[in-house]
Amino acid sequence: MDRKRIVIVGNGMVGHHFIEQVLASDGADGIDLVTFSEEDRLAYDRVQLSHYFNDKTAADLALAHEADYQQAGVSYHINQQVTAIDREHKYIITEQGKKITYDQLILATGSYPFVPPIAGNDAEHCHVYRTINDLKAIAASGKQSRVGVVIGGGLLGLEAANALQNMALETHVVEFAPQLMAVQLDEGGGALLRQKIEALGVNVHTSKATEKIVTGDQCRYKLIFADGTELDTDMVVFSAGIRPQDTLAKQAGLSIGERGGIVINDQCQTSDADIYAIGECALWNNRIFGLVAPGYKMARVAASIVCGLDAVFTGADMSTKLKLLGVDVASIGEVHNVDASQVFTLSNDIEQSYQRIIVSEQGDKLLGAVLVGNVEQYSQLLQLTLNQSPLPTPPSLLLMPEALAATTQMTAVDDVLGDKAPVCSCFDVNKGQICQAVADGCVDMAQLKTMTKASTGCGGCASFAKQILETELAALGHQVNHHLCEHFSYSRQQLADIIRVKKIKTFSALLTEYGSGLGCDICKPAISSILASFWNDYILEPQHVGLQDTNDIYLGNMQKDGTYSVVPRIPAGEITPEKLIILGQVAQQFKLYTKITGGQRIDLFGAQLHQLPQIWRLLVDAGFETGHAYGKSVRTVKSCVGSTWCRYGMADSMAFAIDLENRYKGLRSPHKLKFAVSGCTRECAEAQSKDIGVIATEKGWNLYVAGNGGMRPRHGDLFASDLDNDTLISYIDRILMFYIRTADRLQRTSVWLENLEGGIDYLRQVVIDDALDINAELEQEMASSLSNYQCEWKTTLESPQELRRFQHFINSRQPDLGLAYHTVRQQRTPMTWPKSCEPITIVNITE
């Protein structure tokens, strides 16, 4: 049988994926593969390109390896550009003059970065952001620069901005459109993304058309905008979009779209049936797909066709989830101009998140979603959109993960999800393929990724794929693992034990000895929390910075306008008139909005980043400490006045609440902790709705555990009655440390106790009866953690190096002048976001 030669022009991610698909097919034995790469290397992961500036090398990013190609019989040519195609005689010509014949030709030439026709765009320190070599050039310029500008505020532009900021440059993003990520986000999502990015020190300039780049006054260059304004910079990175690389196809006389792109049919064939186009160079139904997942889908279709199988390209899902400059962003389905639909928006001022879902007119199907800040529901919303499943709950509850979890929710075993239900859109993996992988011996996510490639693309399907995997394993009688993530083959509980027993003090040390890869947004904060719970180091130590979220990094809660709230600790809510006056004076001096919280604290809103140390200095000098309102830690101990004033008080609840708060302040845990002490059973402090609730009786204290006053209220369980002070404190020590040891990631005490095998009775056996013989350990671990307490505000104020973190601009102490306020009830509050003209239901969370 004659062998068939397939030549692949382009060895990027899509071209390499085509090769993988052919090699995995039954017809691979009769096919010779020849691939050409213009770059000086084989395929690498462009999706993770920005990590090249952090801790990944070119080798880490590599997808294709010469040894693997050699073993598979794939001929490869690097640093060779294909310059012509002779369709009549069926051969290609390289720039070196080499001729290679083909039976079928695959054009995977990708795209090239669009550089706007701006005078001066070819200056020495002007770059594009596309390849590893581009990044090397950017890094070299960065060493000679102080200020950098990215022209383009899309996905890649924000990745480039992250790279510049990581090089410690004063970073600016210039965008022609009125908002960032205009393709993926709606107006509200774009507004919040801008606020978050500006809060991280990146300067954003929207609705700006750059006319020319000239020699600068203060810096190497100056950007001149169409509106007459200017911006000085030392280097420029262009990331203003991509254009299909169709020059080769155009020279060969293939059909090209009006605005570029190689026209293909549903089989990915061009106007020449023996030539295929896949990826960002291909134009299907007058549409260019700019994400890797659709390119992979085209590669699979083309591979099937050349191997003699039937396949059809019918478009691709463009949903994406990313972390840009530390901000979680996700877009699902259709988010713009959706007719005959209902739109629901959740604006969470406290958590600084924005979520918007688009539902069918009948309210039964999810069409799309925009998530900024909180993307917890991404996986479930993605599956609802991909499968067009009936909504399992009223649409508005889809925006609230806890409420959704408390009602009915889509699971891997729902009858509405058949085997053909899509799970991974990047690699076109459905539920049936995952089930088959389990039947073939797959027992964990690592094996599942190898066998199906599910969740190895954008990663958005990871939790859903894992749910299907675990459901199938359980159905077959297998023990299901609960690995924290792909980087650690241990549960959170196991990692807590490893850290505690081995006395591991840093994330990097744990990763080196017990993990793999670089870590992710799941394991980094979870392990940081464990480390803080046991060792309670200063959270801004170099080995800990970057593991937690923005609130911990800046020791304050970020608000909707990018400012921060300041919450000093006021144990049990008791405060002297002198300290109350100080708080009023600070609020007045910095024009802060003031509010008394439900936890009997005074919250000061609206502090700009550079003002935080100034405010802390005034508060610390007046005897205040941080209230740790920004951390997963002990927040408050609420109290009534008890026997001090109340004629019904059975005990001095104020004194005891103050003692408890001063004891446990700064204790870090899997989730936030709230206490309350009531002086009698009238329960004015609402102790039964708290994680730790204490109520006075005639005989002593009653202890309640695992209450929750949040989205899913839960009364605490009565743990023990009539306790003296010392016994009560020893029980709380043991309970909290046992919770820290055994809870899952981000698990409140209420959910932890409900999931604890044996429930409250088992907890009593552990804590009261010492059934596990660990009480002495638990008490010692608690004492050790508490002994390392420090006021993180005060520690930061004593560190000139850390204080440099608290400024909007790297080389300037200037405030953020772009904030807008108005007066409401005699206090300054931020201007609300502009609302679109679409009909929407707004849910505002303010407390």
For Lys365, give me all partners under side-chain contact (heavy atoms from CB on, under 4.5 Å), at least two apart in sequence or on another chain.
Ser360, Gln388
Taking atom CG of Leu484 and atom SG of Cys523, what is their separation to the nearest 0.5 Å?
6.0 Å
Hey, is the main chain of Gly260 close enough, under 3.5 Å, to the side chain of Arg243 for a donor-acceptor pair?
no
Say whether, by atom type as modelled, one donor and one acceptor occur between the side chain of Asn285 and the main chain of Arg287 under 3.5 angstrom.
no
Side chain to side chain contact (heavy atoms under 4.5 Å, CB included) between Met298 and Val14, worked out
CA-CA 8 Å; Met298 291 180 191; Val14 173; 5.7 Å; no
Between Gln342 (side chain) and Glu361 (backbone), is there a donor-acceptor pair under 3.5 Å?
yes
Is the side chain of Gln362 donor-acceptor paired with the backbone N or O of Asp364 at a distance under 3.5 Å, no angle test?
no
Donor-acceptor pair, distance only, cut-off 3.5 Å: does the side chain of Ser304 make one with the backbone of Arg300?
yes
Could you please spell out the steps behind the side chain to side chain contact (heavy atoms under 4.5 Å, CB included) verdict for Glu486 and Lys449?
CA-CA 10 Å; Glu486 62 185 279; Lys449 290 179 178 182; 2.7 Å; yes
Which distance, rounded to the nearest 0.5 Å, do you find between the CZ of Arg635 and the NE2 of His671?
8.5 Å
Output the distance between atom CD (Gln447) and atom CG (Asp440), rounded to the nearest 0.5 Å.
11.0 Å
Decide yes or no for Leu283 and Ile264: does some side-chain heavy atom of the first lie under 4.5 Å from some side-chain heavy atom of the second?
no
So which of Lys674, Lys672, Arg748, Arg714 actually passes salt bridge (charged side-chain N to carboxylate O under 4.0 Å, His left out) with Asp691?
Arg748
Would you say Asp310 has more than 12 foreign heavy atoms packed within less than 6.0 Å of its CG?
no
Tell me the closest heavy-atom pair linking Ala182 and Ala177, and the distance in Å.
CB-CB, 4.3 Å
Could you walk me through whether Leu158 and Val202 pass the side chain to side chain contact (heavy atoms under 4.5 Å, CB included) check?
CA-CA 10 Å; Leu158 296 180; Val202 176; over 6 Å; no
Is there side-chain contact between Val359 and Phe344, with heavy atoms separated by less than 4.5 Å?
yes
Is Phe605 close to Gln559 at the side-chain level, that is, under 4.5 Å between some pair of heavy atoms?
yes
Does Asn265 reach the main-chain N or O of Cys268 with its side chain, forming a donor-acceptor pair under 3.5 Å?
yes
Kindly give the heavy-atom pair with the smallest separation between Thr385 and Gly333, and that separation in Å.
CG2-CA, 4.3 Å
Holding to side-chain hydrogen bond (donor to acceptor under 3.5 Å, both in side chains), I want the full list of residues that pass it with Ser669, two or more places apart in sequence or in another chain.
none
Close side-chain approach of Thr749 and Leu673, heavy atoms under 4.5 Å:
yes
Criterion side chain to side chain contact (heavy atoms under 4.5 Å, CB included) on Val438 and Leu469, from CA distance to verdict:
CA-CA 7 Å; Val438 175; Leu469 170 70; 3.5 Å; yes
Distance col, row Cys485:SG vs Arg492:CZ, nearest 0.5 angstrom, shows 13.5 Å
Taking the side chain from Glu472 and the backbone from Ile468, do they hold a donor-acceptor pair closer than 3.5 Å?
no
Would a line drawn from the ring center of Phe289 to the ring center of Phe313 be shorter than 6.0 Å?
yes
Minimum heavy-atom separation for Ala277 and Ala282, please, with both atom names.
O-CB, 3.7 Å
Ignoring hydrogens, what is the shortest heavy-atom contact between Ala108 and Gly15? Give both atom names and the distance.
CB-CA, 3.8 Å
Donor-acceptor pair, side chain of Arg194 and main chain of Gln179, under 3.5 angstrom
no
Closest heavy-atom pair, Ala161 versus Val150, reported as atoms and distance to 0.1 Å, is N-CG2, 3.7 Å
Here the pair of heavy atoms bringing Tyr564 nearest to Ala199 is OH-O, 4.2 Å
Looking at Glu20 and Lys453, does any basic side-chain N land under 4.0 Å from a carboxylate oxygen?
yes
Check: Gln436 side chain, Gln433 main-chain N or O, donor-acceptor pair, under 3.5 Å:
no
Counting only N and O atoms by type, is there a donor-acceptor contact under 3.5 Å from the side chain of Glu175 to the main-chain atoms of Gly153?
yes
Residues which pass side-chain hydrogen bond (donor to acceptor under 3.5 Å, both in side chains) with Arg130, listed by chain and number, not counting sequence neighbours
Ser111, Glu280
